[in-house]
Amino acid sequence: MSLIGLIYTGSRAALDLARNAVAEAVATYGADKKVAFPGTAYALPVIYAATGSKITTLAELQGALEVADSLITGEEDLGKALNAGLATAVCAEVIEAVKYAVTEEPYTGDGGIGFVPDAVIRSLGVPLVTGDIPGIAVIVGETSDSGALAAIVKDYQEKGLLTFLVGNVVDQIAASDVKTGLEFRVIPVGREITAVIHVVSVAVRAALIFGALSPGDLAGLLAYTKERIPAFVNTFGPLDEITVAAGAGAIALGFPVIADVDVPEVPGALLAQKDHGQTVATSLEARGIKTKIKEIPIPVSFAAAFEGERIRRDNIHAEFGSRRSKAWELVKMRHADEVEDHKIEVIGPDIDAGEPPVYLPLAVLVEVAGKNMEEDFEPVLERKIHYFLNYMEGVMHVGQRNLAWIRIGKDAFAKGLRLRHFGEVLYAMMHEEFGSVVDKCQVTIITDKEKVLSLEQELALPSYLARDDRLASLTDESVDTFYTCTLCQSFAPAHVCVVTPERLGLCGAVSWLDAKATKELNPAGACQPIAKTGLVDERKGIWTEVNKAVEEHSQGAVSRVALYSILEDPMTSCGCFECICGTVPEGNGVIIVNREYVGTTPVGMTFGELASMTGGGVQTPGFMGHGRHFIPSNKFLAAEGGVARIIWMPKELKDAVAERLNKTAKEVYGIDNFADMICDETIATDVEAVVNFLAAKKHPALEMDPLV
Ligand code: SF4
Ligand code: ZN
């Protein structure tokens, strides 16, 4: 059969399956049975994005299938056949939605995760825009050569890609030694082909979340996924007609499909690559994905995918820091003649010195010199030690400064990992990532107890202290330059973050010092300086130069921004914000919710639902995405009266910011222990009870001018 014929046959088969699934569910549960995926504000995302309608019942699913039916025309035309591929996607979403309607957790025990919640997608925003995750691989099918499959997945993992597994490859990878899970960037989705829709749904929601795409704008959706979502599909094994039809859906979204069997090739869209040794290269080339290749002479893998790896207690070969010993790390700027490039020194016993588990104190001292290096960049470089060490397979790094805690696993030790390799990694990565400020770098690793402790007193602690003083003195008033950050424009084309000392980027990952360093590292890059001139309103945070910069960098989409207001020209949001702040008229204040909080809030919405109210680089008065660190600043909502407007936060967030928040409240309003006046989910989540709590606590918001 021709390719087009196969697509139509497959899409009709998918339609039949979907119709049967819905009919069966209706017969058992009735047409009014609720239909929803967990953890999303976008209903059935593929159908919602493509048609604009939010499906909530089995009866409405039947309507969606009529739309799918109309897309399967049978016309001998590849474009029309790709539409049938989209219809297959709709059918797959319907089939999966029925699973969720009739079973509480349909994927429990399946080995896959099924539907991916919005919060996960939002958390992927920054690594995708920075190229930390350079692409998305979707692996479908079943292979006769599971060794080759594992090697391919491992290769993607080491290149930093995010890999989704659908079909029997889920079991084949589970049986291999490839580490899986979101933290390892290898995600088993489900065993049935229809589970592939959960990956499509991720791409589609990225368009809704970051791209501010209007639901129903199918052409806009297809253009967005094609241009901005760097995904591709690898199929393994013979292709049945439904897989072919689903593949046509992927192609319609702009994702090339690379099969390992003979297929009629369509250049750039459908390719055959029977040599598994070439699958990765062919796929990356087809999607135009470039990966950073880091060749570091160490005996274990090195990849961002290992960042989240935990080393359990029974698997420890060596441990530094935590309860048993002291561990600290420090980056220091030195004169050029004080640094010998690539000098790596280990002072004290190495990890082969005794029987495991080996407990040792540790100091990691990275000294750098460079013409463009500044003391202000030391903490920016130092924070990266956490990531660089974590990227080693078999190494776990937690914390920072003199609260560092490191474990080395038994496997890594057996492969030959020693402390000198920490030095190799830090040396290579400081040059790789900070090349334009680091001309020379040397690393000293100390495990000699006396030396670790004495240098902590003489060198590390005074350095941390000096930095804390510098950070505390860094206020928006104390500098004459702010910075733009436009990294997220690859997903949210009109979004610009204005980064100031007190208002970090809304992702929480770009502080003013980071932005300043980024400008130095890449002068034409995402962070550009804004001269802080042309003051219009100090309380609201309006400057003509800021407006000009935002207008220029948003290509005219936004021309006025009040940095310290949520109601008047608030800063735009891209979608990857750490927290969302929204107004609550009943409480005359605002609530703040962090991404990690899964419960409901006093406005009756979850984080995901609140987050869906803003994003895509659009200004939405009354809603604002922001970083955690901004909350206790006296610039937070300064236009509306400041932090005293905060009436509710999840407890974890409240506890995290309480100390600084209390300090600000004391300084600005003379209030003691302000955090205790703020309600949280352990006290109340319905708005009436929240307001009663505020009244009992004499919360200052109740006395302030009406917010709206
Ligand atoms: Fe994106 Fe803003 Fe963070 Fe830059 S600072 S990465 S634009 S969220
Ligand atoms: Zn973003």
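Note that ligands are numbered from 1 as they come in the structure, with each ligand's atoms numbered from 1 the same way.
Ring geometry, Phe115 versus Phe37: the interplanar angle falls under 30°, so the pair is classed parallel (tilted spans 30 to 60°).
Here the side chains of Glu659 and Pro632 are not in contact, with every heavy-atom distance at 4.5 Å or above. Tyr597 is not listed as a side-chain neighbour of Leu653, based on a closest heavy-atom distance of 4.5 Å or more.
Ionic pairing of Glu432 and Lys384 is not present here: no N-O contact between side-chain nitrogen and carboxylate oxygen is shorter than 4.0 angstrom. Salt bridge present: Arg467 and Glu382 bring a charged side-chain N and a carboxylate O closer than 4.0 Å. With respect to the salt-bridge test (charged N to carboxylate O, under 4.0 angstrom), the residues Lys516 and Glu374 qualify. Looking at Glu552 and Lys548, no side-chain N of the basic residue comes within less than 4.0 Å of a carboxylate O on the acidic one, giving no salt bridge. A salt bridge does not link Asp476 with Lys635: every distance from a Lys NZ or Arg NE/NH1/NH2 to an Asp or Glu carboxylate oxygen is 4.0 Å or more. Checked for salt-bridge contact, Asp118 and Arg122 miss the test: no charged N lies under 4.0 Å from a carboxylate O.
For the Zn ion (ligand 2), protein N, O or S atoms under 2.8 Å: 3 in total.
Distances under 2.8 Å from atom 1 (Fe) of ligand 1 pick out the protein N/O/S atoms Cys488 SG.
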